[in-house]
Amino acid sequence: MSEPLLSVEELQVRFQTYAGRVHAVNGMTFEVGRGEFFGLVGESGCGKSVTGLAILGMIPRGGAVASGRIRFHGEDLLTKSDAQMRAIRGRHIAMIFQDPAATLNPVFTIGSQIVRVIRQHTSISPEEARRRALETLDAVALPDPPRIFRAYPHELSGGMQQRVMIAMALSCGAELLIADEPTTALDVTIQAQILGLLAEIRRRQGVSILLITHNLGVVAETCDRVAVAYAGRVVEVGRVEDVLFRPVHPYTQGLLAALPRAGQAKESLLSIPGSVPDGLALPSGCAFHPRCASAVELCRSGEPALTVVGPDGHRVACHLFRREGAA
Amino acid sequence: MRWLGYVVRRLLMAVLVLVSVSIVTFVIARVIPSDPAAAWVGPHPTPAQIAKAREELALDRPLYEQYLRYVTALLRGDFGTSVKSHQPISRDLRNYLPATMELVLAAMLVAVVVGVPLGVLSGARKGSLFDHLTRLASVAGVSVPTFWLALLLQLLFFAKLRLLPLGSRISNELALYNPIRQITGMYTLDSILTGNWAGLRDTLVHLILPALTLATYPIGLAIRMTRSTMLEVLSERYILAARAAGISERAILFVLALKNAIIPTITVLGLSFVYSLTGAMLVEVIFSWPGLGTYLTDAVLNIDFPVIVTVTLVVTVFYVVVNLILDLVQAALDPRVTLR
Ligand SMILES: Nc1ncnc2c1ncn2[C@@H]1O[C@H](COP(=O)(O)OP(=O)(O)OP(=O)(O)O)[C@@H](O)[C@H]1O
Ligand SMILES: [Mg+2]
């Protein structure tokens, strides 16, 4: 892979709370190439959303980047000023969220919201912005763009609202779209349509997509590459074929074993024993060791680094593999 | 238009409200143990004089007939005659009502212009020094005694700095050399309409202190209300999404968030406006402002029932109209509100 569009390197984000310091992101590392559909998966609380917000320079109050780098087009975003980041957001990197109904402002028309974003980033006339907004509504396959333009959010269905959000995200020609659980709040059939739309937009416009999800099925269907995160850290990353069909990390293997499969009885479903660690008090060494059936002494003391284990950048952070590989 | 039918229906309901209020006030005025006829005649009346007055005022008629006479007169614009001054009440109203309106509207304008932005910024910077100071100001605005503040302002701006007049609506010189031709009775408006710039200046100079004094309470309300709804709105996901789209912070606060947050503030200010129509009495007295509050207080002290009933009706009309306007404004700001 030539220089990636986005690279997140050893990112650490911490929140100062009344209960203490929360380690939300602990050395997140992954790269998204140009035109790539990249998945970031992990259980709830593993730092996916915080990573997405950190890329936009929008870590919520109380939180801050403790170390690491975020490069976009080779430039370190963490050194940019607020004003520079504001000019990048919406223009070069856009983000869509879960629950589109809550993401659109209820008291403004769809059209005025899209036009506002366009006019924030360009100096075109209102009529020109309106024309462009209608075009983007058309590009996300919404029927009757002029009617949608005049409509208020509550007059649209959930699927249409998410299409509007995608239209708004792409209205200024962003190169990277961060989609944080974009289909979680939608019905299954609508989910498939929205994912199809994202795939089509990627194909047609060459936009890179960072899809944040906890659904491995969605990743398998849509993504080129995937990173599996656990307790704020990537434990395995690589092409979808490698990570999901030849998983190496015990956590990835556990996640896949827990997936329901056709013809499999409910009770034979495996799930990983134990629970996700608390960001307030992370386990020592490999954060997964308390739940890992094959943990050894080293797992308790040393943090494993991401190591190449296969072709096309398949990498894993696990002591066991290293030992086996060394043996 | 979707508004029209709604407005007509609301106005018809308003008529019902007015009829009920007029009956209630009328009955209360008549059953209270006091003798309007005696008041009408003045001090030390003879029984014969009282009897004559009773007949003149139709007080010897049955109550329903008295009410009907009263209402018929009302419909002709005749509010009756003040028992105390023997003047037609409609003439008094033409003086007092615009004076009060001018004062209260100015105060509300100040409250919006000062209170809303402070509330927005204070909500946006929750926990900052600015927020603490603004909240302190809002508590002070709501709780500072009006008369004390009024006297303080007079002491400072009139006695010490000699910048602003002590009271009344215009200066004597202006009334003499540049009188404001009355159209609405609100001098600011009238002087603009007639191009009387000396009049406008003089009116504004007289308006500053009483309007500021009267505005402290609604400023406090506006800050408090705007801040708390802004806090709620700013935690909404659509604000996060607007930031993610790179929208400037100013547009986020004062357009995207404020349009969602302003309705409760407008509502409390509207109701505060109606209250101040008669509730500004202290300010009116201290600044020699010939307004409705003073008029009503005098009427109460003199048991001047025709005046009391009339002022009550006028305030009721305002209450009904302001409420209607508030509902329309809410529907205009929020498309999810349906007018029914
Ligand atoms: N504003 C905040 N203050 C304190 N801690 C926070 C804050 N936001 C997130 N965290 C913590 O950071 C960790 C990661 O949160 P994040 O929202 O990134 O999880 P996620 O992977 O997106 O999970 P989900 O699938 O539930 O969305 C969590 O442990 C959470 O408690
Ligand atoms: Mg999340």
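Convention: sequence-line order gives letters A, B, ...; per-chain numbering from 1. Atoms considered below: every heavy atom in the structure, side chains included; atoms not considered: hydrogens, waters and symmetry mates. Keep in mind that what you see is a predicted model, and the values were worked out from it rather than measured.
Atom NZ of A/Lys80 has more than 12 neighbouring heavy atoms from other residues, nucleotides or ligands inside a 6.0 Å radius. Around the CZ atom of B/Arg224, the shell of radius 6.0 Å holds no more than 12 heavy atoms that belong to other residues, nucleotides or ligands. Within a 6.0 Å sphere centred on CZ of B/Phe254, heavy atoms belonging to other residues, nucleotides or ligands number more than 12. For CZ of A/Phe108, the number of neighbouring non-hydrogen atoms (other residues, nucleotides, ligands) closer than 6.0 Å is greater than 12. The number of heavy atoms from other shown groups lying within 6.0 Å of CZ (A/Arg69) does not exceed 12. For CZ of A/Arg204, the number of neighbouring non-hydrogen atoms (other residues, nucleotides, ligands) closer than 6.0 Å is greater than 12. No more than 12 heavy atoms of other residues, nucleotides or ligands sit less than 6.0 Å from atom OH of B/Tyr319.
Looking at A/Arg116, the atoms closer than 4.5 Å to chain B (heavy atoms on both sides) sit in the backbone and in the side chain alike. For A/Arg119, no part lies under 4.5 angstrom from a heavy atom of chain B. Interface remark: B/Leu333 contributes backbone atoms only to the contact with chain A (heavy atom separation under 4.5 Å). Looking at A/Ile93, the atoms closer than 4.5 Å to chain B (heavy atoms on both sides) all sit in the backbone: N, CA, C or O. Neither the backbone nor the side chain of B/Val233 comes within contact range of chain A; no heavy atom of the residue lies under 4.5 Å from a heavy atom of that chain. Of the atoms belonging to A/Leu56, it is side-chain heavy atoms, and not backbone ones, that fall under 4.5 Å from chain B.
Interatomic distance, A/Tyr152 OH to B/Asp334 CG, rounded to the nearest 0.5 Å: 9.0 Å. Taking CG of B/Leu240 as the start and OG1 of A/Thr103 as the end, the distance is 8.0 Å to the nearest 0.5 Å. Summarising the geometry, atom CD belonging to A/Gln120 is positioned 4.5 Å from atom OG belonging to B/Ser248; distances are rounded to the nearest 0.5 Å.
The residue among A/His121, A/Met165, A/Arg91 with the most heavy atom pairs within less than 4.5 Å of chain B is A/His121. In terms of heavy-atom pairs under 4.5 Å with chain A, the best-connected choice from B/Glu249, B/Glu236, B/Arg243 is B/Arg243. Of the listed residues A/Ala94, A/Ala102, A/Gly57, A/Ala169, the one with more heavy-atom pairs under 4.5 angstrom with chain B than any other is A/Ala102.
The minimum heavy-atom distance linking B/Ala244 with A/Met95 is given by the pair CB-CB, 4.2 Å. Contact record, B/Pro335 with A/Pro106: CG-O, 3.4 Å, taken as the closest heavy-atom pair.
In this structure the side chain of A/Val107 reaches within 4.5 angstrom of the side chain of B/Arg336, judged on heavy atoms. Residues B/Lys259 and A/Asn105 are not in side-chain contact: their nearest non-hydrogen atoms beyond the backbone lie 4.5 Å or more apart.
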